[in-house]
Amino acid sequence: MTRVPFAARVAAGVAVTVVEEARKLPGTAVMFPMTVVSEVLAGTMRFQQQVTALAIKGDQVIASLPLVGTPDQVQPSWAVFEEDSIGTEGDVDIPDHDAPPASGRFALYSTPPADAAATAAQQATAPVDRPDIVEMVDYDTLALAQLRARLRTLSLDDLETLREYEIGSLQRAPFLTMLENRITTAKAK
């Protein structure tokens, strides 16, 4: 068997490739503009990343030099921080940190302000008639999630007793809401 010369085989391969590519041309022509645009955008992004990397290296070098008044030390006029307003005369409106605790459905996920927690601690130490169920489940030390885990094991009378105890002592909105929801569910059964 005689073998076709190498140049003829290469020429046949080129001819087949040209025919295949000519058949793909209509689909490629439609996609060509999008391909070009995406390549241009990708190149632009790579260029921006390289420029940013160079700027970061420049910032590191400049930061190591003993210069006065580098750009990151200059504070814009619109940037006002709480520590900047200490000692000024009312020109900055500082938010009220003694806002009332959240109520409604978000009360379960909020924490009371520090002074409300202190008030609750004082009320917890005040002598209040402590029902047996409070001692039995160690109610005063329970977190909300721990209470939620124990609610299904309590009777309706125990739930109502805990609710009355909470109203008379700590008055924590999330606990009251959870107890009232469980009482409603238990009554519906």
Side-chain angles (χ1 to χ4, degrees), residues 41-42 45-46 48-49 52-53 55-64 68-189:
L41 290 175
M45 290 178 69
R46 280 192 297 272
Q48 288 174 344
Q49 289 172 343
T52 303
I56 290 171
K57 285 182 182 180
D59 286 344
Q60 290 171 346
V61 169
I62 291 172
S64 67
V68 178
T70 57
D72 60 341
Q73 294 175 350
V74 177
Q75 179 176 326
S77 61
W78 52 265
V80 177
F81 299 98
E82 196 168 284
E83 60 267 7
D84 295 340
S85 63
I86 296 174
T88 61
E89 295 207 19
D91 59 345
V92 177
D93 185 26
I94 299 175
D96 184 18
H97 292 291
D98 298 328
S103 61
R105 68 182 221 207
F106 297 109
L108 294 175
Y109 305 106
S110 63
T111 56
D115 58 349
T119 304
Q122 289 173 354
Q123 289 177 350
T125 59
V128 175
D129 182 29
R130 294 171 55 90
D132 292 336
I133 189 66
V134 171
E135 298 293 331
M136 188 173 77
V137 297
D138 199 20
Y139 179 77
D140 290 331
T141 62
L142 292 179
L144 193 59
Q146 294 170 325
L147 175 63
R148 182 183 305 121
R150 294 185 184 176
L151 284 180
R152 293 191 182 271
T153 62
L154 300 175
S155 69
L156 181 61
D157 291 335
D158 290 340
L159 291 169
E160 289 175 342
T161 303
L162 286 176
R163 180 184 61 188
E164 295 306 317
Y165 174 74
E166 183 68 36
I167 291 170
S169 61
L170 302 173
Q171 300 177 359
R172 299 172 291 186
F175 284 76
L176 284 171
T177 302
M178 187 171 295
L179 287 167
E180 289 168 357
N181 290 345
R182 182 61 189 153
I183 290 170
T184 303
T185 304
K187 286 181 179 178
K189 288 184 178 181

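Just so it is clear, the structure is predicted and the values come from calculations on it, not from any experiment. Positions are given from 1 along the sequence.
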Just wondering, do Y165 and D140 contact through their side chains at under 4.5 Å, heavy atoms? yes
Taken to the nearest 0.5 Å, the spacing of Q48 CD from M45 CE works out to 7.0 Å
Is it the case that over 12 heavy atoms from other parts of the model lie below 6.0 angstrom from the CG atom of D132? no
Value rounded to 0.5 Å, distance of OG1 in T184 from CG in L179: 10.5 Å
I'd like to know if the side chain of E166 reaches the main chain of R172, judged simply by a donor and an acceptor atom lying under 3.5 Å from each other, with no hydrogens or angles considered. yes
Is the side chain of R182 donor-acceptor paired with the backbone N or O of L159 at a distance under 3.5 Å, no angle test? no
Are the charged groups of R163 and E180 less than 4.0 angstrom apart, N to O? no
Within a strict 4.5 Å, meaning less than it, do heavy atoms of the V137 and L154 side chains meet? yes
How long is the straight-line distance from CG of L144 back to CE of M178, given to the nearest 0.5 Å? 3.5 Å
side-chain contact (heavy atoms from CB on, under 4.5 Å) assessment of F175 paired with L147: CA-CA 8 Å; F175 284 76; L147 175 63; 3.4 Å; yes
At what distance, to the nearest 0.5 angstrom, does OG1 of T161 lie from CD1 of I133? 7.5 Å
Rounding to 0.5 Å, atoms OH (Y139) and CG (L170) come to a distance of 7.0 Å
Return the OG1 to CZ distance between T185 and R152, rounded to the nearest 0.5 Å. 7.5 Å
